[in-house]
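Taking it in order: structure first as structure tokens, then the write-up.
Each chain gets a letter, A, B and so on, in the order the sequences are listed, and its residues count up from 1.
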Amino acid sequence: MKKNTQILITLSLVFTLSLANNVLAKPKQLIKIAYITQEQAVPAALSNLDVFIQNKGMVGAELAIEDNNTTGQFTAQHYQLVKVVVPLSCHTQQWFIEDIAEDINFVVVNLPSPKLKIIADLPQAQNKLLFDVATRDDDLRGEQCRDNVLHLQPSRAMRADALAQFMLKKRWKKWFLVTGMDKNDRLFSKAIKRSAKKFGLNIMAKKSWEHTYDARRTAQSDVPVFTQEVDDYDVLVVADEKGLFGEYLDYRTWKPRPVMGTQGLVATSWHETHEQWGAVQMQNRFKEVAGRLMEEEDYAAYLAVRAIGEASVRTKSNQLFPIKDYLLGDQFALQGYKGKPLSFRAWNGQLRQPILLAAPRSLVTVAPIEGFLHKTTELDTLGFDLPESTCGRK
Amino acid sequence: MKQWFLHLGLLLLSMSVVNAETVFVTLEKDNALAIVDPIKGELLKTVTIGQRPRGIILSADNKHLFVATSDDDTIKIIDSETLKEVGELPSGEDPETFALSPTGDRLYVSNEDDNLVTVIDVVAKKVIKLIKVGVEPEGIAVSPDNNWAVSASETTNMIHWINTKTLEIVENTLVDPRPRAAHFTADSQQLWVTSEIAGTLMILDVATKKIIKNISLAIQGVSRDKILPVGVVIDKQGRYGYVAMGSANRVAVINAKTFEVEKFLLVGQRVWNLAFSPDQKRLYTTNGMSNDMSIIDLASHKVTKSIGVGRFPWGIVAKP
């Protein structure tokens, strides 16, 4: 019972102003979309600069529902977002079964990989389409891929390829790779090694950052020592997804070298400095409703809900298969404020998209970098392309 | 005395600016208006105008310029001779593009952030009506016969047909993704609409409101991702239409009878908006990323000149 009170159902305003009479007369087609996430424990503050955000992703989905409904007033369609926020101590699959399984075809999932896998493998999830807005894992797009999951965030391989293309263009071909102790750091490190091989760049040295000291207090003296023994490199590439030490590397290396990877120059699907191709409109609209900047999860959730909107308008349907087929077909082209049409790779469900390469206060460039060619779309120079895909997706 | 002569000289100079044909270009990042002599091919001067100026049009009598200064949330009225601000129109928030009725008395403004079209009485400087449209309305046009105003919403992917008598939306046409600009043919029979994301030009029949032709603007040797059509114009005789191709850095020349794409003319980087010279012998383009404008001779379909104008040239209009 308590649970039901926690399920917030957003019914957006149905605008009646200026509606054509013939549209008003028709009953509206209802398209239900669920959004499932779990509360997170507030992590220890790494920096006082970044405030912990509990609702990353949610606001993006809300904004997209509003956009879908603005469109829906002209197509006699109505979109409903069913938000399921699972408390910290509860099982996400239980909540999925009880609150979503029955009658919702489309589910935006903002959960880490292990939980996403459990939900995706539930019998109740087999006739649904899940929109993963949280993970970056390459295995989820490869041998671990699922037929009922689409991935909205760029994979680690796509991000590493974006960085590699830029480094190749700059002729910064010699890398010093520093990896943190977290499992995800090792995954990003693996993606970096793959990209270096793919684009013919050299990893001159590899080291692990072991957290044996308080970085904030001793970075000034420890980073020079840590980087001193590596002599011949152009760029320091850091793999620290949680941001535990990467911020302390820049300006403290023994040699004057730029930092890129998870800190310094980062590869991201969205960034506060991005304002081209109508992005400034998106940034402003988001800030107005959220009172904060748009994060990657918000952008991914926005795109997921907008993709459902776009496909339902084009197919005039609220059913799983016409929409899924449309999303994975050649016709689908989603506008994502990055100057190129976004679409899904049919072989692994990954959203094709340009990747922003951003410094903290400046957008440096957008990948794919000019000159990296592909026979169908240059966007497929980023990440696992069809011939190398290990996903057995139908 | 000397100074007085100097002032007189400057005054005469500024008057001579507006005697010949004059091109006005809004500079989004310089918060300014560039004034160009297209015959001499020279930038004459740049005047500060307001925050983030984008859309610009000339009043029916050529006496005033309307300029959307988006971050000031207003449309400024500028005397096209003295270049002084003489008034403002209540445009609503973040005005970007707008269209003037052929009678010159009404302005239809896209308010991108609010999903609205604001209809303004130009003489009374009053808002007549707010019309709810799709998400992120951008392209807007009024038919030369004054029967229709159309608004293109970029995220909803629709053309909304507004009856100019009732100011109600009477029909919506679903178009290719991210429709940017719309332009009516001089006979008001067709509406040409560009889709930035699909890289297409759609020809809509005004009578049926349906797409009668969808033209792919693919260029050999240029990746599909770079084909991002934006501005579109059609000459008065209905011979050619021209489409600014964004990051493809070209203007497409389309035969308005056969709908064949005859040519692509290489201009500056991220070509955005287009304007004819008053005699329609030349076409002017704004090239957002290379900070210049190009001049195209329409008899030969050749680019004759590029002129540096300032940062992020956006809108453009030519005055006789």
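When each of B:Thr166, B:Leu174, B:Ile227 is scored by its heavy-atom pairs under 4.5 Å with chain A, the top score falls to B:Leu174. Interface remark: of the candidates A:Gln276, A:Arg306, A:Arg314, A:Arg314 forms the most heavy-atom pairs closer than 4.5 Å to chain B. Annotation: maximal heavy-atom pairing with chain B below 4.5 Å, among A:Arg285, A:Met282, A:Glu310, occurs at A:Arg285. Ranked by heavy-atom pairs shorter than 4.5 Å toward chain A, the options B:Met158, B:Glu112, B:Glu136 are led by B:Glu136.
Here B:Asp30 pairs with B:Arg311 in a salt bridge; the nearest charged N to carboxylate O distance falls below 4.0 Å. Classification of B:Asp94 and B:Arg54 as a salt-bridged pair holds, one side-chain N sitting under 4.0 Å from a carboxylate O.
The backbone N or O of B:Arg52 sits less than 3.5 Å from a side-chain atom of B:Asn31, completing a donor-acceptor pair. With hydrogens and angles ignored, the 3.5 Å screen pairs no side-chain donor or acceptor of A:Lys316 with any backbone N or O of A:Thr75. Judged by distance alone, the side chain of A:Tyr35 and the main-chain N or O of A:Met58 form a donor-acceptor pair under 3.5 Å.
Contact residues of residues 286-299 of chain A toward chain B are absent (heavy-atom distance under 4.5 Å).
Looking at A:Leu373, neither its backbone nor its side chain comes within 4.5 Å of chain B, counting heavy atoms on both sides. Interface remark: B:Asp113 contributes backbone and side-chain atoms alike to the contact with chain A (heavy atom separation under 4.5 Å). Interface remark: B:Glu138 contributes no atoms to any contact with chain A (heavy atom separation under 4.5 Å).
Using bins of under 30°, 30° to 60° and over 60° for the plane-to-plane angle, the ring pair A:Trp270/A:His274 lands in the perpendicular bin. Relative ring orientation between A:Phe332 and A:Phe344 is described as parallel, the plane-to-plane angle staying below 30° on a 0-90° scale split at 30° and 60°.
Side-chain contact annotation: A:Thr381 with A:Gln165, donor-acceptor N/O pair under 3.5 Å present.
Partners of B:Asp292 according to the side-chain hydrogen bond (donor to acceptor under 3.5 Å, both in side chains) rule, which considers only residues two or more places apart in sequence or in another chain, are B:Asn287, B:Ser290.
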